[in-house]
Amino acid sequence: MDVGRGNGHRLGRRFAWLWGAYGTSALGTWLAFGAFPLIAIRVLHAGPTEVAALSSAGTAVGAAVAVPLGPWVEFRRKRPVLIAMDLARFAALLTVPLAFALGALTFVQLLAVSVVVAAADITFRSASGAYLKALVPSEDLLVANARFESTAWTTTIVGPPLGGAMIGLLGPVATVVADALSYLLSALGIRASGAGEDAAEPVPERREGAGARLGDLLDGWRYILADTELRPLFFNSALFNGLVLGAEPLLAVLLLGRLGFAPWQYGLAFAAPSIGGLIGARMARPLVTRFGQRRVLVAFGALRALWPVGLAFIGPGTGGLLLVIGVELGLIFCCGVYNPVSVTYRLERTATDRVARTLNAWSVTTKASTAALTAVWGVLGAVLGLRPALGLAGVLLLATPLLLPRRAAAPAAAPEPAPAR
């Protein structure tokens with residue numbers, strides 16, 4: 001079977017391997033969803049403060065570590081970088097079950113592994129975007145990104161239930177092993193995508209001098225802020241993701257604590273609506289073909305902001321569960337359409353010799369804003385209460401469509417490909 005073919009489009013063997021590798025690692029990530037907090041609580045007897053730090057501090061420090069990796073990725077061939085980041089995540093995660101087996105696992109180790117995984121994840125994303133742009137013809141970028149989006153939501157549906165079953169049978173450490181192995185398989189898949197073909201990928205030449213290399217650290221942000229189309233999308237992405245993800249811990253406390261939902265109900269409330277993301281991703285290309293890229297981008301960027309305010313009105317029982325599922329279904333469906341269109345638009349607007357730095361800056365900022373807003377909403381939840389804090393996040397999200405680009409801008413200049421080193 002040609003897994004690089006679908007919906008009448010053949011994207012080639014190399015894309016098929018990249019797609020398969022992405023699906024494998026995404027499934028591993030969702031199998032291990034929530035494993036680190038569970039290990040911290042059940043094995044290391046960590047308190048709420050430590051568990052919160054494991055999530056927010058690990059992400060924030062990982063984002064800071066990833067900042068200099070953007071320029072480093074830009075001036076190297078991307079396939080070896082992808083393999084290296086997969087192997088780094090594999091090695092870091094594998095230390096957890098090894099330390100657990102030896103009775104030497106500590107909270108500091110969990111935090112360090114979280115930092116390594118977060119930094120490698122950001123670097124992998126920046127390299128994979130640049131690799132995809134070189135790998136796939138520009139007219140097929142939306143098809144490729146829609147397939148990644150479909151795969152992401154499919155693994156979201158399948159992974160958590162399987163991971164929950166594994167945790168119930170074998171404990172949370174077993175899912176960390178599965179996650180580590182998924183990165184190893186991903187690395188092998190990317191390696192199989194075509195050794196010896198990397199020479200076809202143009203690599204930008206680095207400017208000489210230490211000062212130029214230091215300036216590379218900020219090039220991604222400079223490029224985004226100078227572009228009249230990327231700039232509003234950048235701020236929209238940072239604010240939207242930060243508010244949605246920052247309020248999630250409060251929603252978990254409300255559902256599992258105050259409203260008394262069972263863990264399986266909580267899992268169902270987020271797994272079932274992921275079907276909407278799968279449907280949305282499948283609809284992205286037909287919608288763009290019919291209505292145009294910009295209209296779909298702005299329309300679904302606005303529609304996705306309408307749903308989260310409903311989370312402030314969740315009640316107990318079946319009605320409350322159905323409300324959560326309905327809100328999440330609408331939100332995830334809109335995101336399923338918006339995400340591949342937005343990612344494709346961003347790649348098209350970014351010059352070939354700036355893709356890795358731009359995506360790195362984008363991911364670092366999104367991760368940092370999410371960590372910051374998670375901390376802020378934790379305080380607001382304690383001061384205002386859970387429902388008012390969730391409502392405030394929803395109201396602020398209603399303003400995020402104002403940051404979407406309104407007027408068509410001139411196409412970004414595409415520089416001549418730099419000679420390979």
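- Considering only residues two or more places apart in sequence or on other chains, Ser342 meets the side-chain hydrogen bond (donor to acceptor under 3.5 Å, both in side chains) condition with none of them.
- When side chains are defined from C-beta on, Tyr183 counts as touching Thr29, because their heavy atoms get closer than 4.5 Å.
- Stacking of Arg357 on the aromatic ring of Tyr223 is not recorded, the 6.0 Å distance cut-off and the 45° axial limit not both being met.
- Side-chain atoms of Ile332 and Thr156, non-hydrogen and from C-beta on, never get closer than 4.5 Å to each other.
- Of the possible donor and acceptor atoms, none in the side chain of Trp377 sits under 3.5 Å from a partner among the backbone N and O of Leu243.
- Using a distance-only test at 3.5 Å, with no hydrogens or angles considered, no donor-acceptor pair links the side chain of Thr400 to the main chain of Leu396.
- Side-chain atoms of Leu82 and Met85, non-hydrogen and from C-beta on, never get closer than 4.5 Å to each other.
- Taken to the nearest 0.5 Å, the CZ atom of Arg222 stands 9.0 Å off from the CZ atom of Arg354.
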Start with the C-alpha distance between Arg191 and Trp17, add both sets of side-chain angles, then the distance that settles side chain to side chain contact (heavy atoms under 4.5 Å, CB included), and finish with yes or no. CA-CA 9 Å; Arg191 184 177 184 276; Trp17 278 111; over 6 Å; no

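- Atom CG of Leu239 is separated from atom CG of Leu373 by 7.0 Å, given to the nearest 0.5 angstrom.
- Atom-to-atom distance recorded for Arg76:CZ and Lys78:NZ is 10.0 Å, nearest 0.5 angstrom.
- Residues Ala21 and Ile190 share a closest heavy-atom pair of CB-CG1, 3.7 Å.
- Here the straight-line distance linking atom CG of Leu390 with atom CZ of Phe313 works out to 10.5 Å at 0.5 Å rounding.
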Side chain to side chain contact (heavy atoms under 4.5 Å, CB included) between Leu184 and Leu94: does it pass, once the steps are laid out? CA-CA 10 Å; Leu184 177 61; Leu94 200 61; over 6 Å; no

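- Asp86 and Ser186 are linked by a side-chain donor-acceptor pair at a separation below 3.5 angstrom, with hydrogens and angles left out of the test.
- The side-chain contact (heavy atoms from CB on, under 4.5 Å) test with Val113 singles out one residue from Val117, Leu110, Val116, and that residue is Val117.
- Side-chain atoms of Thr350 do not come within 3.5 Å of backbone N or O of Leu347 as any donor-acceptor pair.
- Side-chain atoms of Ile314 and Val327, non-hydrogen and from C-beta on, never get closer than 4.5 Å to each other.
- Taking both residues in full, the closest heavy atoms of Ala284 and Val341 are given as CB-CG2, 4.2 Å, listed atom of the first, atom of the second, then distance.
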Evaluate side-chain hydrogen bond (donor to acceptor under 3.5 Å, both in side chains) for Thr344 paired with Asn145, printing each intermediate quantity in order. CA-CA 7 Å; Thr344 301; Asn145 283 313; 2.9 Å; yes

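- For the pair Cys335 and Pro340, the tightest heavy-atom approach, listed with the atom from each and the gap, is O-CD, 4.2 Å.
- Leu251 places a side-chain heavy atom less than 4.5 Å from the side chain of Glu328.
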Test side chain to side chain contact (heavy atoms under 4.5 Å, CB included) on Asp353 and Glu74 and set out the steps. CA-CA 7 Å; Asp353 65 341; Glu74 193 78 80; 5.5 Å; no

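- Expressed to the nearest 0.5 Å, how far CG of Leu185 lies from CZ of Phe90 amounts to 9.0 Å.
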Would Ile224 and Phe235 count as a side chain to side chain contact (heavy atoms under 4.5 Å, CB included) here? Give the steps. CA-CA 10 Å; Ile224 292 169; Phe235 288 118; over 6 Å; no

Apply the test ring-ring contact (aromatic ring centres under 6.0 Å, His included) to residues Phe148 and Phe15: give CA-CA distance (whole Å), side-chain angles for both, the deciding distance (0.1 Å), then the verdict. CA-CA 11 Å; Phe148 284 133; Phe15 173 78; 5.5 Å; yes

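- When atom types are taken as modelled, the side chain of Ser237 and the backbone of Leu233 share no donor-acceptor pair closer than 3.5 angstrom.
- The backbone N or O of Asn360 lies less than 3.5 Å from no partner atom in the side chain of Ser363, so there is not a single donor-acceptor pair.
- Side-chain contact between Phe333 and Met283 is present, with at least one heavy-atom pair separated by less than 4.5 Å.
- At a cut-off of 3.5 Å, with distance as the only test, a side-chain donor of Thr365 or Trp221 sits close to an acceptor on the other residue.
- A heavy-atom distance below 4.5 Å is not found between the side chains of Ser126 and Leu69.
- Because its NZ or CZ atom is both nearer than 6.0 Å to the ring centre of Tyr338 and within 45° of the ring axis, Arg304 counts as a cation-pi partner of that residue.
- Interatomic distance, CG of Leu359 versus CD1 of Ile122, reported as 11.5 Å (0.5 Å rounding).
- Between the side chain of Ser369 and the main chain of Ala238, a donor-acceptor pair closer than 3.5 Å is present.
- Heavy atoms only, all atoms of each residue included: Ala66 and Val364 are closest at CB-CG2, 4.2 Å.
- Atom CZ of Arg125 sits in a sparse spot, with 12 or fewer heavy atoms from other residues, nucleotides or ligands closer than 6.0 Å.
- Using a 4.5 Å heavy-atom cutoff, the side chains of Val158 and Trp30 are not in contact.
- No side-chain donor-acceptor contact under 3.5 Å links Glu348 to the backbone of Leu141.
- When all heavy atoms of Ala178 and Met166 are compared, the pair lying nearest together is CB-CE, 4.1 Å.
- Closest approach of Thr24 and Ser182 over heavy atoms only: O-CB, 3.3 Å.
- Donor-acceptor pairing under 3.5 Å is lacking for the side chains of Trp153 and Ser274.
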